[in-house]
Amino acid sequence: MKLKRDFYLQDCVKVARDLLGKVFVHETKEGIAKGIIVETEAYNGAIDKASHSYKYKRTKRTEIQFGLGGYAYVYFIYGMHFNINIVTGIEGEPQGVLIRGIQPTYGIDLMKERRKTDNLINLTNGPAKLCQAMGITKEQYGMDLCNSNLYIEEGISIEDKDVDITKRINIDYAAEDKDRLWRFSIKDNPFVSIKVKS
DNA sequence: CGATAGATATCT
DNA sequence: GATATCTATCGA
């Protein structure tokens with residue numbers, strides 16, 4: 001059962017927290033791939049220098065962030081990698097949640113084939129890795145998670161005591177905003193991309 | 001471990 | 001023309 005639009009219309013920080021434990025699904029003609037979301041980061045364009053849409057900067061690339069929540073924001077980075085964000089918030093508010101780590105639960109052979117590795121942990125413990133494993137490319141830019149073959153469904157419930165809240169990764173260019181505690185991950189899960197000592 | 005090469009769409 | 005919400009690989 002796909003999550004409904006309402007879920008995505010909330011603030012990006014809340015959605016980032018609540019996405020932990022939910023199941024990310026991509027159905028393609030090659031097969032279905034699923035994984036439990038174990039690591040996320042929130043980006044709020046209105047106030048956050050780390051966001052592509054900082055100060056409501058609106059370009060062809062960030063356009064999708066300005067619409068309703070529940071759409072996929074996929075972009076190409078460092079000349080060779082894709083990352084996927086889930087757009088959140090109401091129309092006009094550019095926000096997103098970066099998916100940084102998932103735990104594969106279905107279609108593992110397909111993921112291994114796409115990633116060219118047999119190492120289970122190495123399949124999806126990073127934002128560009130999980131995009132490759134899930135078969136996400138520029139093609140998925142702007143897809144509606146409420147009405148397409150790319151979506152999120154209910155999963156397991158994660159208690160607050162099992163959630164690590166830390167600084168976000170690789171945003172040193174973002175000045176003081178790099179210290180915001182907007183990264184959420186499931187404690188001691190091996191598919192979390194980078195461990196941060198507490 | 002830490003350092004660095006890798007390669008290009010996107011914005012200035 | 002500079003840079004990026006990163007990853008793989010190499011050397012110690």
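Here is the naming used below: chain letters follow the sequence lines, and residue numbers restart at 1 for every chain. Bear in mind the structure is a predicted one, so any value in this text is a computation, not a measurement.
- A donor-acceptor pair shorter than 3.5 Å cannot be found between the side chains of T137(A) and E139(A).
- Here Y43(A) lies parallel enough and close enough to stack on the base of dT5(C), with planes under 30° and ring centres under 5.5 Å apart.
- Residues H81(A) and F76(A) keep their aromatic ring centres 6.0 Å or farther apart.
- With dG6(B), dT12(B), dC6(C) as the choices, the nucleotide that has an atom nearest any side-chain atom of R100(A) turns out to be dC6(C).
- For T59(A), the listed nucleotide lying nearest its side chain is dC11(B); candidates were dC11(B), dC6(C), dA4(C).
- Classified by interplanar angle (parallel below 30°, tilted 30° to 60°, perpendicular above 60°), the ring pair Y141(A)/Y73(A) is perpendicular.
- With no hydrogens or angles considered, a side-chain donor-acceptor pair links E27(A) and Y151(A) at under 3.5 Å.
- In this structure, R58(A) reaches neither bases nor backbone, as no heavy-atom distance under 4.0 Å exists between it and the strands shown.
- Across all strands, A128(A) comes closer than 4.0 Å only to sugar-phosphate atoms, never to a base (heavy-atom distances).
- Here F76(A) lies in heavy-atom contact (under 4.0 Å) with sugar-phosphate atoms only.
- Of all nucleotides listed (dT5(C), dA8(C), dC6(C)), dA8(C) comes nearest to the side chain of N122(A).
- The side chain of M80(A) lies closest to dG6(B) when the candidates are dT10(B), dC6(C), dG6(B).
- Each of dA7(B), dA4(C), dT12(B) was ranked by its minimum atom distance to the side chain of K57(A); first place goes to dT12(B).
- Residue contacts shown for S193(A) are absent, as no nucleic acid heavy atom lies under 4.0 Å away.
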